[in-house]
Amino acid sequence: MMDKTFEPTSVEARISAAWAEADAFRAGRPERAGAPPYCIVIPPPNVTGSLHMGHALNNTLQDILCRFERMRGKDVLWQPGTDHAGIATQMVVERRMMEQQEPGRREIGRAAFVEKVWAWKAESGGAIVNQLKRLGASCDWSRERFTMDEGLSRAVLKTFVDLHRQGLIYRDKRLVNWDPKFQTAISDLEVQQIETKGHLWHFDYPVVDETGTETGAVITVATTRPETMLGDTGVAVHPEDERYTALVGKRVRLPLVGRLIPIVADTYSDPEKGTGAVKITPAHDFNDFDVGRRQGLGVINVLDPEGRMLLEGNAAFLDETSPEPEALALHGLDRAQARKAVVALMEARGLLRATEPNTHAVPHGDRSGVVIEPYLTDQWYVNVKPLAERALQAVRDGQTKFVPENYEKIFFQWLTNIEPWCISRQLWWGHQIPVWYDAEGGIFVAESEVEALEAAEAKHGRSVALTRDEDVLDTWFSSALWPFSTLGWPDSTPELGRFYPTNTLVTGKDILFFWVARMMMMGLHLTDRAPFDTVYLHTLVRDASGAKMSKSKGNVVDPLELIDQVGADALRFTLCALAVQGRDIKLSTDRVQGYRNFATKLWNAARFAELNGCRLDPAFDPRSATGAINRWALTEAARAVDEVTGALEAFRFNDAAAAAYRFVWNIFCDWYLELAKPVLQGEGVDPAIRAETQASVAFLIDQVAKLLHPFMPFLTEELWAIKGAELPERGLLTLASWPDLGGLADAAAEAEVGFVVDLVSQIRSARSETNVPAAAQIPLVMVGAAPEVRARVEAWRDTLLRLARLSDITFAEAPPKNSVQLLVRGSVAALPLEGVVDLAAEVARLKKEQGKAQGEIKKIDAKLGNADFVARAPEEIIEENRERRDSEAARLVKIEEALVRLSGD
């Protein structure tokens, strides 16, 4: 006997254990040796991570595809693993050391610190893997990988050495995103742009003649960063800005410093912003760096790695300058303090023309929280331009496609204008760069120190001491190799031969460039094949109002808490149902609870079936069913299977969920079981029809379990086990076949039962729209009914009377006066409501509601048509208005349909 209720907490762990015991998710199962392979590589979560809603969405969608393809008979490898997450992990361990009042990493040294990180990883790293299992992720956990595993590390070393030998990896002095707190370069993805209230200062720079004598003229520049002016090497104006045409080619004396710097014409300067003239500081601004290269300007760094002024002993700063003592006194000041001091010095000299408030985006480190500094350092780079061209060509040729397709355009934009990739990080945790230096600065790139020493000895003719580069590689470097390094590359392993290239990559749109593009580039360059054939990019999960989830807002929804409350299945189905291609998900806990109710509905239906003797009959052939309702339900099931299959193949996850939901809740539970009740419970029923209906219900519960399994694996596996308890040989649902209901479509049954369902549905809607009291029984008049319609109505008279709450059913050639008219599959049905409801009052009420809806739509359209509103309003407010408009438009359609019915047209 089934339990009265389905309790996820008591079932999920037991089912997970059963899957693990059976090695259900292991790739290469013997019975699938000849099956076509299907492979997804998991976007490796940070080893420091904890399951958040983005992970829940991403992994739910991957799991749906893997379970779907596994049931379709494929040999599925969902490759799991975690990322070492350089800076994040180093930060976690350093914070832990501080909390435990242990010496800092620099005090204990690199080797001891790295040992501590490995110990932490073994102890508490990778907790997210167990959390993914709670979500139901059907990865091949026996193949779990870590980006710093020995095999993956060997792939990283080989890649670096090979790319260096090919001239694609090189060392250069360029600007990077520098985190002054962590003292390392960071990627653009680790930079947050935060709107900050500040100032725009207007400074006068004195113009000089050929001899360097001030002419009395000035050029006014506008800046948000006065402290960097000490490193200015030019002033730029737009070539077509007539205000400054006569000054182009002249020089100015840099205040406080005395350096003579040129005025250059460059399109970077915007005549509409500030004064139209901008100071150029190539060492402290990415745009200025580009201008400096175009114009041949010098590069002078005036900050140290901690963001303090670096002036004393700074040869580049002091060369050809006569800095004022007050300027030199800024040495060692923090950049924020120096900013105030420079403004004060300029004001004291009468060179501060104006100060105006200015709100602008300021880059901050997402982990350190400090302002990021564009900083000039020596770093290692990959020349990705030739690699990018191959990736672009692979997409043009159709080797890899993007879903939704519009991301292809973004991919092309990014890779067409790609810059060199900075791959070095000033950290201790990560893949240490395989570069050694001799005492003269000679560089030896090798996969091991032994090879580097051999190369040095060959060069010098003797043994020499070498020092290894202290930097580590950007985490994205090892992640770029993930689709093939996890399969054993650079060795020619059986797994690499079978599962590479992989099939589908499911990942967030935010890492299209950082991860997807780099995997494409590395995969094509190193293996000569695109690493996946399809990239499905999902959007963000936002809160119920459409706002981005953040701890500071207090609107974060914890997926683990939801799993504890309502079970993994409800959360998974919710995320799938809301996963519309290209649209952010607005997650409300009410929606999750609604799908918990869906699980309860199915459980209750299965329990109802059990109580009514519906048990699996191995001899039952659904194609031999004769009962109309059974043939109709089987027809609808076949339709649902086709719809879900087609939607999943097209990555329309929300459509797949909707089709499954419609069949299970509306067709199977609400209609089929309701129509089957008299057959299952009535007296005098033909035993053969009852037995067929019992077998049909049990068969369809099995098909429902299969259909819903990719979405709701725990509930369905439990139902499969309960319903198949008498069939011990059939094994686990997760390894069962996808439903095959071909040949079950029965047009005659659909026409007969479908008509009854539609007629009852429309009567119920009309009752609701016209406010007919729930308990009232009303007459139905079939108008001008064709003989086959009349026969159908008569055959189903008792069912129609019961389900539509009708007092009588009659036939007429014309509709009665004051009746609501319905068009059902070409037949007219009328509901005489005179004396039941005040039709005139209902028309008046509906017209009033119609006016309200039209007014609301007009008001929202005016807002959304206002370019200023769209430009300034937060994204969630715009989305809220769009949804309100959609809701009002849908309501208006319903109102107008009701008015048409009441008018009798």
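Looking only at side-chain heavy atoms (C-beta outward), R730 and D702 come within less than 4.5 Å of each other. Counting heavy atoms from C-beta outward, L135 and P559 have side chains that stay 4.5 Å or more apart. Residues L708 and L715 are not in side-chain contact: their nearest non-hydrogen atoms beyond the backbone lie 4.5 Å or more apart. Inter-residue side-chain proximity for F25 and D63 is flagged as unmet; no heavy-atom pair is nearer than 4.5 Å. A 4.5 Å side-chain heavy-atom check between Q703 and V641 finds every atom pair outside the cut-off. With a 4.5 Å cut-off on side-chain heavy atoms, L680 and C614 count as touching. Counting heavy atoms from C-beta outward, E726 and L616 have side chains that stay 4.5 Å or more apart. Counting heavy atoms from C-beta outward, L780 and D808 have side chains that stay 4.5 Å or more apart.
A salt bridge links R884 to E856: at least one charged side-chain nitrogen sits closer than 4.0 Å to a carboxylate oxygen. Between R662 and E636 there is a salt bridge, since a side-chain N of the basic residue sits under 4.0 Å from a carboxylate O of the acidic one. A salt bridge links E674 with K677; the closest basic N to acidic carboxylate O contact falls under 4.0 Å. A salt bridge links E888 with R891: the closest approach of a Lys/Arg side-chain nitrogen to an acidic carboxylate oxygen falls below 4.0 angstrom. E750 has a carboxylate O that lies under 4.0 Å from a charged side-chain N of R825, or vice versa, which qualifies the two as a salt bridge. Salt-bridge annotation for R72 and D740: absent, with no side-chain N of the basic residue lying under 4.0 Å from a carboxylate O of the acidic one.
For the pair R70 and W19, the NZ or CZ position fails the cation-pi test of under 6.0 Å to the six-membered ring centre and within 45 degrees of the ring normal.
T600 places a side-chain N or O within donor-acceptor distance of the main-chain N or O of R596, the cut-off being under 3.5 Å. R542 places no side-chain N or O within donor-acceptor distance of the main-chain N or O of K586, the cut-off being under 3.5 Å. Put simply, the side chain of S696 never gets that close to the backbone of E692: no donor and acceptor are under 3.5 Å apart. With hydrogens and angles ignored, the 3.5 Å screen pairs no side-chain donor or acceptor of R885 with any backbone N or O of I857. For the pair W720 (side chain) and G731 (backbone), a donor-acceptor distance under 3.5 Å is present. No donor-acceptor pair closer than 3.5 Å links the side chain of K706 to the backbone N or O of M71. One N or O on the side chain of T574 and one on the backbone of A570 form a donor-acceptor pair closer than 3.5 Å. Between the side chain of D543 and the backbone N or O of V557 there is no donor-acceptor pair closer than 3.5 Å. Checking side-chain atoms of R134 against main-chain N and O of E12 turns up no donor-acceptor pair under 3.5 Å. Judged by distance alone, the side chain of D617 and the main-chain N or O of A619 form a donor-acceptor pair under 3.5 Å.
T626 OG1 to R631 CZ: the interatomic distance, rounded to the nearest 0.5 Å, is 7.0 Å. Interatomic distance, L578 CG to R583 CZ, rounded to the nearest 0.5 Å: 9.5 Å. A distance of 11.0 Å separates CD1 of I64 from NE2 of H709, quoted to the nearest 0.5 Å. For the atom pair I895 CD1 and K852 NZ, the distance stands at 9.5 Å (nearest 0.5 Å). Here OG1 of T635 is found 5.0 Å from CG of D746. Values are rounded to the nearest 0.5 Å. Note that CD of E769 and NZ of K894 are 6.5 Å apart. Values are rounded to the nearest 0.5 Å.
Taking both residues in full, the closest heavy atoms of L801 and S807 are given as CD2-C, 4.2 Å, listed atom of the first, atom of the second, then distance. Residues P404 and Q581 share a closest heavy-atom pair of CG-CB, 3.8 Å. Residues W665 and C669 come closest through the heavy atom pair O-CB, 3.4 Å. In terms of heavy atoms, N881 sits closest to I860 at O-CG2, 3.4 Å. Between L61 and A579 the shortest heavy-atom distance is CD2-CB, 4.3 Å. Of all heavy-atom pairs spanning A774 and R767, the tightest one is O-NH2, 3.2 Å.
At a cut-off of 3.5 Å, with distance as the only test, no side-chain donor of Q762 or D758 sits close to an acceptor on the other residue. No side-chain donor-acceptor contact under 3.5 Å links E717 and T734. With no hydrogens or angles considered, a side-chain donor-acceptor pair links T693 and N630 at under 3.5 Å. Side-chain contact annotation: N612 with Q694, donor-acceptor N/O pair under 3.5 Å absent.
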I701 and F668: CA distance, side-chain angles, deciding distance, side-chain contact (heavy atoms from CB on, under 4.5 Å) verdict: CA-CA 9 Å; I701 288 174; F668 183 77; 3.5 Å; yes

E610 and R607: CA distance, side-chain angles, deciding distance, salt bridge (charged side-chain N to carboxylate O under 4.0 Å, His left out) verdict: CA-CA 5 Å; E610 181 182 71; R607 194 163 177 272; 5.6 Å; no

Stepwise side-chain contact (heavy atoms from CB on, under 4.5 Å) check, L700 with L634: CA-CA 8 Å; L700 283 171; L634 290 164; 3.8 Å; yes

Evaluation steps, side-chain contact (heavy atoms from CB on, under 4.5 Å), between E718 and F714: CA-CA 6 Å; E718 181 75 348; F714 294 105; over 6 Å; no

Evaluation steps, side-chain contact (heavy atoms from CB on, under 4.5 Å), between F598 and M712: CA-CA 11 Å; F598 175 55; M712 308 180 88; 3.8 Å; yes

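The aromatic ring centres of F653 and Y536 sit less than 6.0 Å apart. Checked against a 6.0 Å centroid threshold, the rings of W632 and F755 do not count as neighbours.
Aromatic ring orientation, W738 versus F68: perpendicular (interplanar angle above 60°, classes split at 30° and 60°). Relative ring orientation between Y661 and F573 is described as tilted, the plane-to-plane angle lying within the 30° to 60° band.
A side-chain contact (heavy atoms from CB on, under 4.5 Å) with W796 is found for exactly one of L803, L759, L675, namely L675. If you run side-chain contact (heavy atoms from CB on, under 4.5 Å) between M53 and each of V541, I585, D558, only V541 comes through.
The neighbour count for K74 NZ, taken as heavy atoms of other residues, nucleotides or ligands under 6.0 Å away, is above 12.
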